[in-house]
Amino acid sequence: MVQFCIFGGHDGELRPEQRVFFTMFGGCELKRPTLGRQLVARHERERSGIPPRRPQVIVTIFGGTEITHPTLAEEFLDLNELTAKGKVSSADCERYFAELDQGDAVDLTTITLFGSFEGASVPSENAEVDALALHRHLGNISDRSGEVLQLGIGLTGAERRAILRQAVGVTG
């Protein structure tokens, strides 16, 4: 699927089925899928024989494109649900996280002319704190897991995944 954004804006998710994002004279804000969704998608691709990585092309001309990570609360809720329901084993999570530490799970090809591209921004501190507070208030995240997740605000890569793993471990 191709997503065109010309003289306007697009706010959406970076999904595997969308292969090309074209932005001209506008802005495109994309959110990466959570690690849990990436893990499930990977298992489905492996079972169906589809190659594990499908390249995505992002073209930005006279505009801006930003790709952000999901909040820690979103990451935690997805991963905790998958492990609690037995859809993904702890061993599969550990193996997938180890593979992520060696390289990015999303294969991007980007072309930017007279614009800007930011491919790995984390949510703002306010967005992270608000999401954690909301889900703690709703009872979706325990106080202990919330305290652990707070330590991951602003972190990226392996450090962020380690905090997430630790928070899921506190729950399980």
Side-chain angles (χ1 to χ4, degrees), residues 1-79 81-82 87-88 92-132 135 149 152-165:
M1 183 176 156
V2 178
Q3 174 67 48
F4 283 100
C5 180
I6 301 173
F7 291 105
H10 174 72
D11 186 8
E13 292 184 25
L14 187 63
R15 296 182 309 213
E17 64 271 8
Q18 284 186 287
R19 304 266 312 257
V20 178
F21 295 87
F22 181 86
T23 304
M24 179 180 243
F25 296 107
C28 184
E29 294 182 13
L30 301 169
K31 185 186 288 188
R32 289 180 183 266
T34 63
L35 294 170
R37 289 184 198 153
Q38 290 177 40
L39 183 55
V40 168
R42 180 184 178 130
H43 279 302
E44 289 174 2
R45 285 191 308 263
E46 286 175 354
R47 276 194 297 250
S48 62
I50 299 173
R53 298 180 87 186
R54 299 185 67 166
Q56 293 179 308
V57 178
I58 298 176
V59 179
T60 308
I61 302 172
F62 291 105
T65 299
E66 179 181 17
I67 301 174
T68 60
H69 291 278
T71 63
L72 286 165
E74 292 169 315
E75 292 278 16
F76 173 82
L77 292 172
D78 271 1
L79 194 58
E81 180 181 347
L82 290 173
K87 292 181 181 179
V88 177
D92 285 341
C93 286
E94 291 299 323
R95 183 176 49 112
Y96 183 63
F97 282 1
E99 291 172 9
L100 284 175
D101 290 342
Q102 296 176 357
D104 200 2
V106 180
D107 188 11
L108 294 177
T109 299
T110 64
I111 301 169
T112 305
L113 299 171
F114 303 106
S116 68
F117 176 80
E118 186 171 351
S121 62
V122 293
S124 70
E125 184 175 343
N126 286 340
E128 292 276 27
V129 169
D130 289 347
L132 284 172
H135 287 287
L149 289 169
I153 294 176
L155 299 178
T156 60
E159 295 169 327
R160 188 175 179 92
R161 288 189 293 274
I163 292 292
L164 183 60
R165 244 187 335 250

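Note that the coordinates shown come from a computational prediction; the quantities given were computed from them, not determined experimentally.
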Are any non-hydrogen side-chain atoms of [X] and [Y] less than 4.5 angstrom apart?
X      : Y      : result
Phe117 : Ile111 : no
Val57  : Leu108 : no
Phe21  : Leu14  : yes

With Ile153, the side-chain contact (heavy atoms from CB on, under 4.5 Å) member among Thr71, Ile163, Val129: Val129
In a check of side-chain contact (heavy atoms from CB on, under 4.5 Å) between Ile58 and each of Thr112, Thr109, Thr23, Leu30, which one passes? Leu30
Of all heavy-atom pairs linking Ala73 and His135, the shortest is CB-CD2, 3.9 Å
For the residue pair Glu75 and Gly36, what are the closest heavy atoms and their distance? OE1-N, 4.4 Å
From Asp78 atom CG to Leu35 atom CG, the distance as rounded to the nearest 0.5 Å: 9.5 Å
CD of Glu118 to CD of Glu29: how many Å apart, nearest 0.5 Å? 10.5 Å
For Leu82, all residues meeting side chain to side chain contact (heavy atoms under 4.5 Å, CB included), sequence neighbours excluded: Val40, Lys87, Val88
Hey, can you pull the donor-acceptor pairs under 3.5 Å for the side chains in residues 6-13, sequence neighbours left out?
none

In short, side-chain hydrogen bond (donor to acceptor under 3.5 Å, both in side chains) pairs touching residues 58-70 with sequence neighbours left out are Thr60-Thr65, Glu66-Ser121
Between the main-chain N or O of Arg32 and the side-chain N or O of Arg37, is there a donor-acceptor pair closer than 3.5 Å? no
Is the closest basic N to carboxylate O distance between Lys31 and Glu74 below 4.0 Å? yes
Check against side-chain contact (heavy atoms from CB on, under 4.5 Å), Met24 and Val59: CA-CA 8 Å; Met24 179 180 243; Val59 179; over 6 Å; no
